[in-house]
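Each remark here refers to the structure printed beneath this line.
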Amino acid sequence: ELKSLTSSSSAAATAAEPPKEKKIAKELSSAIHSTVKHLRDQIDNAMEWNTSLSFTDIANRRVTDELVTACQSDKFPAAVVRKAARIYFASLKRRSKMALAGKLDESKKRQRKVQRKHNKAHSRMNACTTSTAITAEEKSEAMKILTVDYMSSEETGQESAGSEDERQAPPVTIFKISPLPWRSDRANSIIASMDRKTQRKSSNRARELCRKRYNGDPSTRQPPSSAPAWAVKELPLRS
C-alpha cells in the first residue's frame with residue numbers, strides 16, 4: 001500500500017510539472033531576429049514591441065501579427081512562429097529589466113566566460129580526436145578531462161602601454177587566466193599538448209590574432225566529483 005501511495009504521489013508530481021519549452025529551430029530564430037530588426041528600422045512605418053507591457057497587450061499584437069505573417073511557412077506554421085515570438089519577446093523583456101537594474105553588462109561578462117570555456121574544451125577535444133600521434137587508449141584517458149569542468153576561467157583586460165609610441169597605438173586585449181590549482185601535472189601536460197596541436201594546425205593569421213594570456217589569481221572552483229584520481233592533486237591545507 002505504501003509503495004502504491006508513493007507511486008501515485010510521484011505520478012501526480014510529474015503530471016504537475018510544466019512541460020519544458022522546446023528549443024527554437026536556428027533557422028526560425030534567425031528569421032525572427034532579422035524581422036524584428038526590419039520592423040524596428042522601417043522609415044515610414046516603424047514598429048517595435050513594448051517590453052514594459054505584456055506580450056498579449058493590444059499595443060504589441062500588431063508587431064506580433066506582422067512578425068508571424070513574415071516568418072510563417074510550410075515548415076514553420078503560424079502557431080509555431082507565434083510561440084517562438086513569445087519566447088523571444090520574453091528574452092527581450094528580461095534583458096530590458098536587467099539593463100534597468102544595471103545587471104546586463106555583468107550577465108554578458110558571465111556568458112562570455114562560460115562560452116570561452118566551452119570553446120577551449122571543444123578545441124582541445126577536436127585536437128585529441130584528430131591526432132595521429134597518440135594511441136586510442138591515450139585518447140580515451142585524455143577525453144576524460146577535456147570537458148568544461150577542467151577548463152580554467154578567463155577574463156579580458158587591456159595591456160598597459162609602455163613607450164610613448166605604444167601609448168598612441170590601440171590598446172591590446174589580453175586574457176587573464178584563473179588557473180585551477182587542483183589540476184594535476186599530468187592533466188596540465190595533456191591540456192598543454194592539445195593546445196600545441198591546435199596551434200600547429202592554425203594559420204599564420206590565426207596565430208597573429210591570438211591574444212596574450214597571463215596567470216591571475218587561482219580559481220576557487222572545486223574539482224568535479226567524477227574526476228579520475230590521476231587528474232587531481234592534493235592541495236596543502238590552509239592554516
[X] side chain to [Y] backbone, donor-acceptor under 3.5 Å:
X	Y	result
Lys117	Val148	no
Lys93	Thr51	yes
Ser30	Glu27	no
Ser131	Cys128	no
Ser96	Leu92	no

At what distance, to the nearest 0.5 angstrom, does [atom1] of [X] lie from [atom2] of [Y]?
X	Y	atom1	atom2	answer
Ile191	Arg196	CD1	CZ	12.0 Å
Ile177	Asp217	CD1	CG	13.0 Å
Ser225	Asp149	OG	CG	8.5 Å
Thr130	Lys197	OG1	NZ	8.5 Å
Leu180	Tyr150	CG	OH	10.5 Å
Thr35	Arg40	OG1	CZ	11.5 Å

(request) May I ask you to say whether Arg82 pairs ionically with Asp65, meaning some side-chain N is under 4.0 Å from a carboxylate O? (result) yes

(message) One thing to verify: whether Arg61 and Glu66 come together as a salt bridge, which I'm taking to mean a side-chain N less than 4.0 angstrom from a carboxylate O.
(response) no

For [X] versus [Y], what's the shortest heavy-atom pair and its separation?
X	Y	value
Pro181	Lys233	O-CE, 2.8 Å
Ala84	Ile32	CB-CD1, 3.4 Å
Met151	Ile145	CE-O, 3.7 Å
Val63	Leu39	O-CD1, 4.1 Å

Is it the case that the side chains of [Y] and [X] hold a donor-acceptor pair, with the cut-off being a distance below 3.5 Å and no angle test?
X	Y	result
Asn119	Gln115	yes
Ser153	Arg221	yes
Trp182	Ser219	no
Ser152	Lys120	yes

Check: [Y] and [X] side chains under 4.5 Å, non-hydrogen atoms:
X	Y	result
Glu141	Thr135	no
Ile190	Trp230	yes
Asn50	Asn60	yes
Ser184	Val232	no

(message) How about CZ on Arg95, more than 12 heavy atoms from neighbouring residues, nucleotides or ligands closer than 6.0 Å, or not?
(response) no

(request) Determine whether more than 12 heavy atoms belonging to other residues, nucleotides or ligands lie under 6.0 Å from atom CE of Met98. (result) yes

(request) Applying side chain to side chain contact (heavy atoms under 4.5 Å, CB included) between Leu146 and each of His122, Arg124, Lys139, report the one that passes. (result) Arg124

(request) Could you label the plane-to-plane angle of the Phe89 and Trp49 rings as parallel, tilted or perpendicular, counting under 30° as parallel and over 60° as perpendicular? (result) perpendicular

